[in-house]
Amino acid sequence: QVQLVESGGGLVQPGGSLRLSCAASGFTFGTNNMGWFRQAPGKEREFVAAITWGVRTSYYADSVKGRFTINRDNAKNTVYLQMSSLKPEDPAVYYCNAASQYGSKWSPSFRSWGQGTQVTVSS
């Protein structure tokens, strides 16, 4: 059974930083691309970042490029999202999932999701 447990969210001032973590189990983490997605109130869930399982190439939504960094630790079955220079448009619940690439788009691989972790940006 796929389990995804996100953590690390919180309240931060504009321009601040947070590091999110996602512990995964129930599937072969080391041979799956992994991604972060986010959902703001009243909006659809959207892609944020992905990292491939092999050479660990990373991909980012234009809105976070240059500010967020995704990485992974296969020994710990964990994927991270380092967020810097947070903006008022970044608040959302952040989720991780295995990720599949279709052309230039990334989509979640599994139907099940974790509880997510809330990121709030406010002064």
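Note that these values count all heavy atoms, side chains included, but never hydrogens, waters or copies made by symmetry.
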Between V12 and V48, is there shared hydrophobic-cluster membership here, with clusters defined by ILVMFWY side-chain heavy atoms closer than 4.5 Å?
yes
Please say yes or no: joined through hydrophobic side-chain contacts below 4.5 Å, possibly via intermediate residues, are M83 and V121 part of one cluster?
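Cluster IDs for M83 and V121 match.
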Rounded distance [0.5 Å steps], [atom1] in [X] versus [atom2] in [Y]:
X   : Y   : atom1 : atom2 : answer
L18 : S84 : CG    : OG    : 9.0 Å
Y80 : R19 : OH    : CZ    : 5.0 Å
Q3  : F27 : CD    : CZ    : 10.5 Å
L81 : Y95 : CG    : OH    : 15.0 Å
M34 : T78 : CE    : OG1   : 9.0 Å

Do [X] side-chain atoms and [Y] backbone N/O form a donor-acceptor pair below 3.5 Å?
X   : Y    : result
R72 : F29  : yes
N97 : F110 : yes
E6  : C96  : yes

Flag yes if more than 12 heavy atoms outside K76 fall under 6.0 Å of its NZ atom; otherwise flag no.
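No, not enclosed.
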Could you tell me whether E44 atom CD has more than 12 heavy atoms of other residues or ligands within 6.0 Å of it?
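Not more than 12 within 6.0 Å, no.
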So T117 and Y94, do their side chains get closer than 4.5 Å, heavy atoms only?
yes
Identify the two heavy atoms, one from [X] and one from [Y], that lie closest to each other, and give their separation to 0.1 Å.
X   : Y    : value
T52 : N33  : CA-OD1, 3.1 Å
S17 : Q82  : CB-NE2, 4.0 Å
A92 : A40  : CB-N, 3.8 Å
A24 : L4   : CB-CD2, 3.8 Å
W36 : L20  : CH2-CB, 3.7 Å
P14 : S123 : CD-N, 3.7 Å

Looking only at the aromatic ring of each residue, does the gap between the centers of Y59 and F47 stay below 6.0 angstrom?
no
What pairs of residues pass the salt bridge (Lys or Arg N to Asp or Glu O under 4.0 Å) test when at least one of them lies in residues 22-38, not counting sequence neighbours?
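Listed once each, the pairs are R38-E46, R38-D90.
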Looking just at side-chain N and O atoms, do S109 and S100 make a donor-acceptor pair shorter than 3.5 Å?
yes
Axial cation check for Y60 ring with R67, 6.0 Å and 45° limits:
no
How far apart are the C-alpha atoms of F37 and W113, what are their side-chain angles, what is the distance that settles it, and do they pass the ring-ring contact (aromatic ring centres under 6.0 Å, His included) test?
CA-CA 10 Å; F37 301 81; W113 294 88; 5.6 Å; yes
